[in-house]
Amino acid sequence: MKAVVFKAFQTFPSLEEVDKPTPGPGEVLLKVAGAGCCHSDVSVFRDYTPESGTHSKPPFILGHETSGWVEEVGTGVTGFKKGDAYLVYGPTGCGHCKRCVAGEENYCENMATNKSLAIGLGRDGGMAEYMTVPARNLVPLGDADPIAAAPLADAALTPYHAIKAALPHLQGGGKYALVIGLGGLGQIAIQILKAITGATIIATDMKPEAMAKAEANGAITVKGDENEVANIRKITGGHGVDAAFDFVGIAPTIAAAQAASAIDSRVTIVGIAGGKASYDWYSNPWQQELTSVYWGSMPELHEVAALYRQGLITPEVETYSMDNALDAYHKLVDGKLSKRAVVVPHMGE
Ligand SMILES: [Zn+2]
Ligand SMILES: [Zn+2]
């Protein structure tokens, strides 16, 4: 079968002919419906080195936000029907620590000794015609479109987790949420905030097209210029937002999120740009929490799938055939994608 393989550090992935996998005990073989191209793949193949201490060691098949149809089950697996559609929960923890048994494999306590970080990050992912997945990592999609669903596994689960953890700050009426950075994750964050909170959503970016999309998704937008913080505070009647989500994560966006937030607020860094934050008693509003998140839990992915099935979250996708998969990655590297690229290995079948 064809697959997009990350073969060596600091090497662009290649389209290869590889063996079709067989499901091991406890695993399911999926016929891949869709595999999203994520920006963290770029860090994996372009930036990481053997010295980075990463779990995403080549060679392996890329694709950590995937969906597919049951093709075959391994020994010990029951309760699946051939052809049923599932979304794949990516993180692969040890499976037995306190976090893993709660379905929070993204925060596995034994990360240091695990062989891979996730399906598609250290172990073969879904950028292929077929993939194997531990049965417990599969989230049913029912009759919802599995191709457009693929990015939900990361691009919706990550903002969902950040928003769920901030809910206590957004309950009670008259609350404000701020979304900084209106790419794919930021737009889905607005949809999630609208679906599960009653907060007024303020969104900021520098690109007018991204701001227009955010408005269509239900946010009030503020241009990301030098008056950004003052304009956000004005909308909130002066006191600032109750929860801010920074999908960029560079020092200036973190500083803007902090400056635009109220007393007793929560600022979440979601973007992985690695910007540094400053915090002190005089400059930050009292009881302002500053935190970061990484991916989300299995139970949360079931909740994300439910929102998708109800039509409350709709990722914007553009599809690529397997033969054009590398083209999608080139566009991602060059910043030429405005929607999530989803590789569809069985396009036209
Ligand atoms: Zn990702
Ligand atoms: Zn664990």
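For ligands, and for the atoms within them, numbers begin at 1 and follow the listed sequence. For the single chain, residues carry numbers from 1 onward in sequence order.
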Please test I269 against L290 for side chain to side chain contact (heavy atoms under 4.5 Å, CB included), starting from the C-alpha separation and ending with a verdict. CA-CA 8 Å; I269 304 169; L290 176 63; 4.2 Å; yes
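Its N, O or S atom nearest to the Zn ion (ligand 1) is what matters here, and for D154 that atom is OD2. Within H64, the N, O or S atom lying nearest to the Zn ion (ligand 1) carries the name NE2.
T158 places no side-chain N or O within donor-acceptor distance of the main-chain N or O of A155, the cut-off being under 3.5 Å.
Neighbouring protein atoms of the Zn ion (ligand 2) (N, O or S, distance under 2.8 Å, waters ignored): C94 SG, C97 SG, C100 SG, C108 SG.
Not a single N/O/S atom of H39, whether from backbone or side chain, sits less than 2.8 Å from the Zn ion (ligand 1).
Under the 4.0 Å criterion applied to side-chain N and carboxylate O atoms, K81 and D84 are assigned as salt-bridge partners. Checked for salt-bridge contact, K98 and E109 meet the test: a charged N lies under 4.0 Å from a carboxylate O. Using a 4.0 Å cut-off between charged nitrogen and carboxylate oxygen, K82 and E72 do not count as a salt-bridge pair. In this structure, K2 pairs ionically with D323, as a charged nitrogen and a carboxylate oxygen lie closer than 4.0 Å. The existence of a salt bridge linking R123 and E27 is confirmed by a sub-4.0 Å separation between a basic side-chain nitrogen and an acidic carboxylate oxygen.
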